[in-house]
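Okay, structure first, notes after.
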2 protein chains.
Amino acid sequence: MKNMINASESPRKVPSHEITYCRLRDMILFGQLAPGQPVTIQGLTATLEAGMTPVREAIRKLTAEGALELQGNRRVSVPQLTVSQLDEIAFARLTIEPKLAQMATNHLRANDIAALARIDGEIDQAIAGGDVQRYLRGNFNFHFTLYERAEAPILLSIAQMLWLRFGPSLRVVCGRYGTANLPDRHGEALDAMRSGDAAQLAAALEGDIAQGIEQVRLSLPPSGI
Amino acid sequence: MKNMINASESPRKVPSHEITYCRLRDMILFGQLAPGQPVTIQGLTATLEAGMTPVREAIRKLTAEGALELQGNRRVSVPQLTVSQLDEIAFARLTIEPKLAQMATNHLRANDIAALARIDGEIDQAIAGGDVQRYLRGNFNFHFTLYERAEAPILLSIAQMLWLRFGPSLRVVCGRYGTANLPDRHGEALDAMRSGDAAQLAAALEGDIAQGIEQVRLSLPPSGI
DNA sequence: CATCGCCGGTTTTGATCATATCCTGTGCGT
DNA sequence: ACGCACAGGATATGATCAAAACCGGCGATG
C-alpha cells in the first residue's frame, strides 16, 4: 500500500525546471516579453531566481514550441510574426480550436459552464476597465478551460503551441489600441454550450478566433508589428 | 556590411545539443525505440556519445514535441498511442498535410519533382525488399521534401510533431506485418505535381495518410499496440 | 512448514550547480 | 578601414545531492 495512486495530488515535489518553464511561458503568453525582444539565459536566472540548467531546459522546451527562436548566433529572442506566418496560424487555429470546442460539447457539465460564465464575466470587466493583462489571462482561461474538456491532449498541445506564437503579438495590439474592440464572442459560445449545440459552439469559437486574428493582422503590415 | 547573409551556409559550428537532438529524433522517428520503452539519460549519454547536458536538452525538446513522455516519476519513455490519440493525430494530419501539399504545389520546380520521384523509387525498392528502415526514411523524406516547399514553417513544425508521435507505432506495424500493404499513393501524387494540380495532390496525400493511419489503427485495439 | 507481504538497505538515475571553455560581437589602436 | 584583443554570454562537463526503484531478509499467516 505504499505507492498508492496518490489520489488527487500529493505534495509532489515540483522540479525547478518545471516551475521555470511555466513562469517563462506565462511571461511570453501574457506579454511580459515583446516580440523581437532578446532573451538571455543569465538574465532569466536572475529574474526567475533559478539556476542555469533549469532555465536552459525551459528555453529549449519553449523553443521547440515555437515560443522562442534561436537566432543562429546562439542568441534567443521572442519571434516576430510575419504576415505569412499569421496566415498559417490562422489556418491551424481555425481548424483545431473549433474541433476542440465541438469535441468538448458533450463532456461539459453544468459547473463547467458556470465556471466559463464566470471567466467571461471577468473578461468583460477587464475589457471595460482596460486591463490588458487581465483580459489576456481571462481569454486564455476561457478558451483552454473549454478545450480541456475535449479530452484530446494532442490537439490541445497544438492549440497551446499556436497561442504561444500568437500571444506576444496580441499583447502588442492590446497595448497599442486598448481593449476596446477585442474579440468577445463568448456570450454566443456560452449559449451554445447551454443548449449543447456543438456546431453552434464551434461556429462561435471560429468567429471569436477569426476576429482576434484580424485584429492582429491589421497591425502587422507596417513592418511585422 | 560586415556580416553579410552568409550565402548558402558557412561552416557553422553545430552545437552538440543540436546533433544529439537530431540523432535521438531519428531514433524515435525510424524506430530504434519502441513505444513504451523507457529512456534513461545516462543510457543516452553512452549510446549518443554526448555529455549529460546536451542529452537533457534533447529530451526536453522532444518531450515538448510529444515524442517522449514524462512518466511523473521523473522517468522518460516513448509514449504508446491510444485509439483516441490516434484519432486526434488522424484529424490533424489529414488537415495539415494536404494543406501543406496544396501550398507547395506552385513552388515545385522540375528538379524538386525529379527528387521526389527518385525518393519514391527508393521507397518502392524498400517495400519490395522488405527493408523497413529504408521504407520509413524514404517515406519521411518524400513527405517532408514536398512539405518544405510550402514555405510554411509553422505548419511544417506541426506536421513534424505529428510524425514524431506516429512514427514509433508505424514502426511496430511494419515490423509485425512487413512492408507488404504499406501506403504508397506516391505515384498518384507525382502525377498531380507534374500537372500542377493542387487539389489532386492534396487528395492523393490525404489518401496516403488515411491509409497509413488505418494500418496502425488495425494494430491498436488489442492493448494499445 | 511454505508462502506472502512488509520493511530496510543498496544502487541506479535524475536534478541541480559551479566551473571551465569557447564563440560572438565590440571597441580600440594602428 | 582593418585587425587584434577584450568582454559578455553560451556551451558543455563533472561533481554532488536527493529521490526512486530494486533486492533480499524477516515475520506473520494459512
Side-chain angles (χ1 to χ4, degrees), chain A residues 1-7 9-25 27-28 33 36-64 67-79, chain B residues 1-25 27-28 33 36-65 67-79:
Chain A
M1 188 77 62
K2 51 181 167 185
N3 58 352
M4 208 43 308
I5 301 172
N6 230 333
E9 286 305 317
S10 72
R12 287 282 304 280
K13 167 68 167 51
V14 206
S16 171
H17 62 82
E18 199 70 25
I19 298 172
T20 307
Y21 165 76
C22 287
R23 295 225 272 167
L24 185 52
R25 185 166 73 89
M27 285 175 68
I28 294 168
L33 298 174
Q37 180 169 339
V39 172
T40 73
I41 291 180
Q42 306 191 350
L44 291 180
T45 59
T47 46
L48 297 182
E49 292 167 2
M52 180 173 280
T53 309
V55 170
R56 273 173 83 66
E57 300 192 11
I59 288 178
R60 288 284 168 256
K61 215 168 159 182
L62 287 163
T63 301
L68 292 175
E69 201 177 35
L70 271 60
Q71 287 180 323
N73 17 336
R74 45 163 104 179
R75 295 283 162 87
V76 182
S77 67
V78 182
Chain B
M1 187 82 58
K2 49 185 166 185
N3 59 351
M4 210 41 310
I5 300 171
N6 226 334
S8 56
E9 287 305 317
S10 71
R12 291 283 304 280
K13 168 67 166 49
V14 205
S16 172
H17 63 82
E18 198 70 25
I19 298 173
T20 307
Y21 166 76
C22 288
R23 295 226 270 169
L24 185 52
R25 186 167 71 91
M27 285 175 69
I28 295 168
L33 298 174
Q37 181 170 337
V39 173
T40 72
I41 291 181
Q42 306 190 355
L44 290 180
T45 58
T47 47
L48 297 183
E49 291 167 0
M52 179 177 280
T53 308
V55 170
R56 275 177 81 69
E57 300 194 9
I59 288 178
R60 290 282 168 256
K61 214 168 159 182
L62 288 163
T63 301
E65 291 171 329
L68 293 174
E69 201 177 35
L70 271 59
Q71 286 180 321
N73 13 337
R74 45 160 104 176
R75 289 289 160 88
V76 181
S77 68
V78 182

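Reckoned from all heavy atoms, side chains included, excluding hydrogens, waters and symmetry mates. Throughout, a chain's letter reflects where its sequence line sits, starting with A, and its residues are numbered from 1.
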Worksheet item: In whole Å, what is the span from the CD atom of A/Glu49 to the P atom of C/dT16?
Response: 15 Å

Show which side-chain atoms of residues 49-60 of chain A pair as donor or acceptor with protein atoms under 3.5 Å away, not counting sequence neighbours.
residue, atom, partner, partner atom, Å
A/Arg56, NE, B/Glu57, OE2, 2.8
A/Arg56, NH2, B/Glu57, OE2, 2.8
A/Glu57, OE1, B/Arg60, NE, 2.4
A/Glu57, OE1, B/Arg60, NH2, 3.2
A/Glu57, OE2, B/Arg56, NE, 2.7
A/Glu57, OE2, B/Arg56, NH2, 3.0
A/Arg60, NE, B/Glu57, OE1, 2.4
A/Arg60, NH2, B/His17, NE2, 3.2
A/Arg60, NH2, B/Glu57, OE1, 3.3

Discussion item. Just the rounded figure in Å: distance from C1' of D/dA19 to NE2 of A/His17.
Written reply: 13 Å

Worksheet item: side chain to side chain donor-acceptor pair (under 3.5 Å) with A/Ser77: which residues, sequence neighbours excluded?
Response: A/Gln71

Worksheet item: Which parts of nucleotides 4-10 of chain D does protein reach within less than 4.0 Å, heavy atoms only, written one letter per nucleotide 5' to 3' as B for base, S for sugar-phosphate only and - for none?
Response: -----BB

Enumerate, atom names and distances included, each donor-acceptor pair closer than 3.5 Å involving a side-chain atom of residues 37-47 of chain B, sequence neighbours excluded.
residue, atom, partner, partner atom, Å
B/Gln37, OE1, B/Ala34, N, 3.1
B/Thr40, OG1, B/Gly43, N, 2.9
B/Thr45, OG1, B/Gln42, O, 2.6
B/Thr47, OG1, B/Gly43, O, 3.2
B/Thr47, OG1, B/Leu44, O, 3.4

Worksheet item: Between D/dC22 atom P and B/Asn73 atom CG, what is the distance in whole Å?
Response: 10 Å

Discussion item. Based on the rotation axes of five pairs at each end, what angle does the helix from C/dC1-D/dG30 to C/dT30-D/dA1 bend through, to 10°?
Written reply: 10°

Worksheet item: Out of curiosity, A/Leu48 CG to A/Ser16 OG, how far, rounded to the nearest 0.5 Å?
Response: 9.5 Å

Worksheet item: Between CG of A/Leu62 and CE of A/Met27, what distance do you get to the nearest 0.5 Å?
Response: 11.0 Å

Fill in: Interatomic distance, B/Leu68 CG vs C/dG14 C1' [rounded to whole Å]
15 Å

Discussion item. Without decimals, in angstroms, what is the distance between B/Leu44 CG and C/dT12 P?
Written reply: 18 Å

Worksheet item: Over how many whole Å does the gap from B/Leu70 atom CG to C/dT13 atom P extend?
Response: 17 Å

Worksheet item: Out of curiosity, B/Glu18 CD to A/Leu70 CG, how far, rounded to the nearest 0.5 Å?
Response: 7.0 Å

